[in-house]
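One structure below.
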Amino acid sequence: MLGDPNSGQWSGTYRAKRKWYVPSQLCPRCEAWGGMQAYPSVDLSSLPDNDSLAEIWPQAPEEVARRVALVRPFVPPALPLEPGCRLGPLVGTAHGHFGPVTVWPSWQVLVREDARDLLQSSGLQGIIPVRAELRTRRTKEQALYELEARPLAKLHPACIYDREPTCPFCGRHGFTLPPKRWLLGESVPTGLDLFGVEETTRIVVSERFVDTVNRLGPSDVVYREITVE
């Protein structure tokens, strides 16, 4: 499991935002809220009304529903579309030198171009790389690719505490998670080497993923084992 980057040998940093967003939701009961899920592979450039999706500012539930309806044809039907969902590639600037894998913030995984090529040539599954549109002054610096982590697995019900009733105004249902979390075994996708976890920002990778990218040298990333029951 990918953890936060620690202080290490790589100096690479970036500042970026998405091209498009499903806005956060403004609720008279829950106030403003939104998730952190991102689908960088979604391309809304052909959508006539995509200007209305350029900001994440909170909107009333009816307006959020309208914009979700605009986006839904561009997103695989099995994937959730919630308030605050981020769409399209990262756009911004980058500085310094990047390792094979960069995880910052903890819900975004970027790999260098050579790492992308190695993951794909090694036959890993579930790898959806999207080139990050990051401007840099270093002409020889490799391009960076974000790996889309689709939320395909679920947390085990036993590690979800104090789930709140669904809000009648906006549909939100909050809950509490313990520091240690584990996955519901029957929900874990078979054969995939990278995926996300529903209702969390966790990204899970296989041992094969770790072994493959480590062939390119160390990255400033911590991998933590996660239990499956």
- [ ] Report the C-alpha separation of Leu183 and Arg202 in whole Å, then their side-chain angles, then the decisive distance to 0.1 Å, and conclude whether the side chain to side chain contact (heavy atoms under 4.5 Å, CB included) test is met.
- [x] CA-CA 11 Å; Leu183 301 180; Arg202 292 292 178 96; over 6 Å; no
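- Contact annotation: the side chain of Gln108 approaches that of Glu146 to within less than 4.5 Å [non-hydrogen atoms, C-beta and beyond].
- Evaluated for a side-chain contact (heavy atoms from CB on, under 4.5 Å) with Leu147, the options Val111, Val101, Ile128, Asp193 yield exactly one hit, Val111.
- Contact annotation: the side chain of Leu47 approaches that of Leu70 to within less than 4.5 Å [non-hydrogen atoms, C-beta and beyond].
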Task: Working for salt bridge (charged side-chain N to carboxylate O under 4.0 Å, His left out), residues Glu133 and Arg131 - done: CA-CA 6 Å; Glu133 299 177 12; Arg131 181 163 180 162; over 6 Å; no
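- When every heavy atom of Arg18 is checked against every heavy atom of Pro40, the shortest pair comes out as NH1-CB, 3.6 Å.
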TODO: Decide side chain to side chain contact (heavy atoms under 4.5 Å, CB included) for Asp220 and Trp104; before the verdict, give the C-alpha distance in whole Å, the side-chain angles of both, and the deciding distance to 0.1 Å.
DONE: CA-CA 10 Å; Asp220 298 334; Trp104 185 87; over 6 Å; no
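- Taking the side chain as every heavy atom from C-beta outward, Val205 and Val213 never approach each other to under 4.5 Å.
- Judged by distance alone, with hydrogens and angles left aside, the side-chain atoms of Arg112 form a donor-acceptor pair with the main-chain N or O of Phe98 at under 3.5 Å.
- Listed by chain and number, the residues in a salt bridge (Lys or Arg N to Asp or Glu O under 4.0 Å) with Glu199 are Arg163 (sequence neighbours excluded).
- How far CZ of Arg181 is from SG of Cys159: 8.0 Å, rounded to the nearest 0.5 Å.
- What you find for Pro189 and Ala153 is that their closest heavy atoms are CD-CB, 4.1 Å.
- A cation-pi geometry, defined here as NZ or CZ lying under 6.0 Å from the six-membered ring centre and within 45° of its normal, holds between Arg116 and Tyr145.
- The side chain to side chain contact (heavy atoms under 4.5 Å, CB included) check on Ile56 picks up Tyr21, Ser24, Arg86, with sequence neighbours excluded.
- Residues Arg72 and Val75 have side chains in contact (heavy-atom distance under 4.5 Å, counting atoms from C-beta outward).
- When atom types are taken as modelled, the side chain of Ser122 and the backbone of Leu119 share no donor-acceptor pair closer than 3.5 angstrom.
- Heavy atoms from other residues, nucleotides or ligands lying under 6.0 Å from CZ of Arg66 number more than 12.
- For His97, the side chain to side chain contact (heavy atoms under 4.5 Å, CB included) criterion is met by Trp10, Ser11, Arg138, Glu141, not counting sequence neighbours.
- Between the side chain of Gln25 and the main chain of Glu63, no donor-acceptor pair closer than 3.5 Å is present.
- Put simply, the side chain of Lys19 reaches to within 4.5 Å of the side chain of Pro89, judged on heavy atoms.
- Counting heavy atoms from C-beta on, the side chains of Pro23 and Arg67 come closer than 4.5 Å.
- Side-chain contact between Leu194 and Phe209: present, with at least one pair of heavy atoms (C-beta onward) separated by less than 4.5 Å.
- By the 4.5 Å heavy-atom criterion applied to side chains, Thr102 and Leu144 are not counted as neighbours.
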